[in-house]
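Beneath this line is the structure, given in structure tokens, with notes to follow.
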Number of protein chains: 2
Amino acid sequence: MVRIIDVAKRANVSTATVSRVLSSPHTVREETMGRVLEAIKDLDYHPNILARQLRTLESKTVIVVVPDISNPFFSKVLRGIEYVAAANGYQVLLKDTTNDLELESGYVDLLRQKKADGMIFLTVMNSELVNIVENQYPVVLACEYIEGSSIPTVSIDNISAARKATEYLIQLGHRQIASISGPTTSVLGQDRLKGFYQALAQYDVTVDPVLIQEGDFTYESGFNVMNKLLALNQLPTGVFAANDEMALGAIKAIKSKHLRVPDDISVIGFDNIKFSTICEPELTTIAQPAFEIGNKAMDLLFKLMKNKKIIRSQYILEDKLIIRNSCVKKV
Amino acid sequence: MVRIIDVAKRANVSTATVSRVLSSPHTVREETMGRVLEAIKDLDYHPNILARQLRTLESKTVIVVVPDISNPFFSKVLRGIEYVAAANGYQVLLKDTTNDLELESGYVDLLRQKKADGMIFLTVMNSELVNIVENQYPVVLACEYIEGSSIPTVSIDNISAARKATEYLIQLGHRQIASISGPTTSVLGQDRLKGFYQALAQYDVTVDPVLIQEGDFTYESGFNVMNKLLALNQLPTGVFAANDEMALGAIKAIKSKHLRVPDDISVIGFDNIKFSTICEPELTTIAQPAFEIGNKAMDLLFKLMKNKKIIRSQYILEDKLIIRNSCVKKV
DNA sequence: TTGTATGCGTTATCAG
DNA sequence: CTGATAACGCATACAA
């Protein structure tokens, strides 16, 4: 391994000068710099990042905590994060919690040990953790919003988006509307369910509580929950699924009972993942600006890490209702 | 920040003893250890990993280079890797190349700088890089196999699997068989195409070269390439897609032309991703043991990093033809 | 079984 | 503009 001192010797300068050439080139004479650069090139010198980090206490790394990387929506947010991070010379370390509560702890250590300079949560199930981290390390929350928390957040307004989706079903004439919600342990699940209820209230629609069922955001849970709903005496005519994966699972279940979507049952999803146009019929859903959410979240984290003031700490991005073919007027 | 010396002072021992308590507890007297552990707890001491790494030159981190994290197949392999890594106290750093050639370079630096101890490639487009890394740093290749290379590999036999898939179509009576291959810049793409050709040769089937088209493993490319095929005078009756995402795209294209799968055109995929049962009809495909591939790859990497001898450096895992409803006998 | 002392490779301080 | 040198926090060879 070639070290800074090897370069220094070859260029006939001190290690300090070599270091300066690398970190603040303007403070060194041009001729000296030339010699140093040449030596670096000759020796194929690469600074040891570990040593640098020990000295500077900066890891140039951020950690993104994601609930389920195989969900295409999160993949896309991640892309947005990585794009901004890479542009600023930062590494992105990924932690997939596999929707597991346990695994969400222990990340504070990574920050304390300067293994990472900051963290982005794409979901929060363990809100205690957030409180620990709050005001202590740079952390931003993407995709969901926590009421009353001061953690910088970038997301859509999940409540109003869910309300919008439900309203759409109501306006199509549906009154027997089921909800396949996310886990109520997650803010995301709660918010989208809340929006669902708000729409019902606003239009004076009352729904049998048995139509409100909880999934866990996976395709399988959508399939299973829908099967439960299909076993009821009175079937729903419309279904609001809290994300697309569950909506796809629901459609699968409906079809396997030889019912038709949307003719017999309308289904609306949430996220607009790339597979939402795969199924027959194509899924009507709420589109989130996933890539932009990632961009903005990383921007925010940078500002936080640089101790810059953040004007607004809650960024709400625009969602959009994408009307395709999985919902139809109730006859 | 509380350091090792703070703990040492409080426990009335030297820093060396504290260090030993942490790394080789059996070498220290029980009573001493008790005092040290108590001090650690009292002060809420957490060793600085950076400093430790600088000393040991071990980062306890591995990097996985993945072509497209939003592909569910790779997500699953990754899970397998993480499972084994976590069990051994290793972090997994993820690099998504976004199928971009450029981005695949520069990882050698991460190894050289001891930012990671080893690396797993889930794909290799830039085989030069492999040659650089070869015999120099611990690297294993998962999912694909490079002819003549000595890099430890774990994968299925992509050639024979592709041959098996194609054979299946031939045995169903298809003769006009199209191939939507992966990029020929990737070994994976090459191998699966090779298997396709082998099956044709074996059964003396000759195919118009125009039926052999190249995609890039994405849903969109499957859709686009299939549209091209559908514009031909003589349509294929069977399609072998080199992965499920492209197969799904192809099915979409076929349906949008008001043709039926499998009645008009049979489609077979590769990978058995979780969305392969979403579409109508469900996809016949080749299943890879994704999780196990990940497990084995990480195992192999550990052995490599520990300089243990590796008995066999090429592990071939079993694939399996999953027959569902997207292929049917040619009438 | 424990302590002392040194070095890992870098950056930052201070003096020149 | 440059050089000498002291940290950064830890692990380990060697001595006790």
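Just the heavy atoms: all of them, side chains too, but no hydrogens, waters or symmetry mates, feed the values below. Here is the naming used below: chain letters follow the sequence lines, and residue numbers restart at 1 for every chain.
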For B:N48 and C:dC8, what is the distance between atoms CG and C1' respectively, to the nearest whole Å? 13 Å

For atom CD1 of A:I5 and atom P of D:dT5, their distance in whole Å: 12 Å

Can you check the A:I49 CD1 to C:dT10 C1' distance for me, whole Å? 10 Å

Rounded to whole angstroms, how far apart are OH on B:Y45 and C1' on D:dC10? 7 Å

In whole angstroms, the gap separating C1' of C:dC8 from CG of B:L54 amounts to 4 Å

Can you measure B:Q53 atom CD to C:dT10 atom P for me and round it to whole angstrom units? 15 Å

Nucleic acid contacts - residues 12-42 of chain B versus DNA chain D, non-hydrogen atoms under 4.0 Å: B:A16, B:S19

Any N/O donor-acceptor pair, A:R55 side-chain to D:dA7 base, under 3.5 Å: yes

Check whether any side-chain N or O of B:D6 sits under 3.5 Å from a backbone N or O of B:R3 as a donor-acceptor pair, and report yes or no. yes

Answer yes if the side chains of A:Q314 and A:T153 hold a donor-acceptor pair under 3.5 Å, and no otherwise. yes

Quick check: do B:V62 and B:M298 have side-chain heavy atoms less than 4.5 Å from each other? yes

Quick one: which residue pairs count as a ring-ring contact (aromatic ring centres under 6.0 Å, His included) with a foot in residues 50-88 of chain A, not counting sequence neighbours? A:Y83-A:F291

Separation of B:D6 atom CG from D:dG9 atom C1', in whole Å? 11 Å

Between C1' on D:dA4 and CD1 on A:I4, what's the gap in Å once rounded to a whole number? 14 Å

Is it true that B:D42 and B:R10 make a salt bridge, defined as a side-chain N closer than 4.0 Å to a carboxylate O? yes

Please check: side-chain N/O of B:R35 versus main-chain N/O of B:A11, any donor-acceptor pairing under 3.5 Å? yes

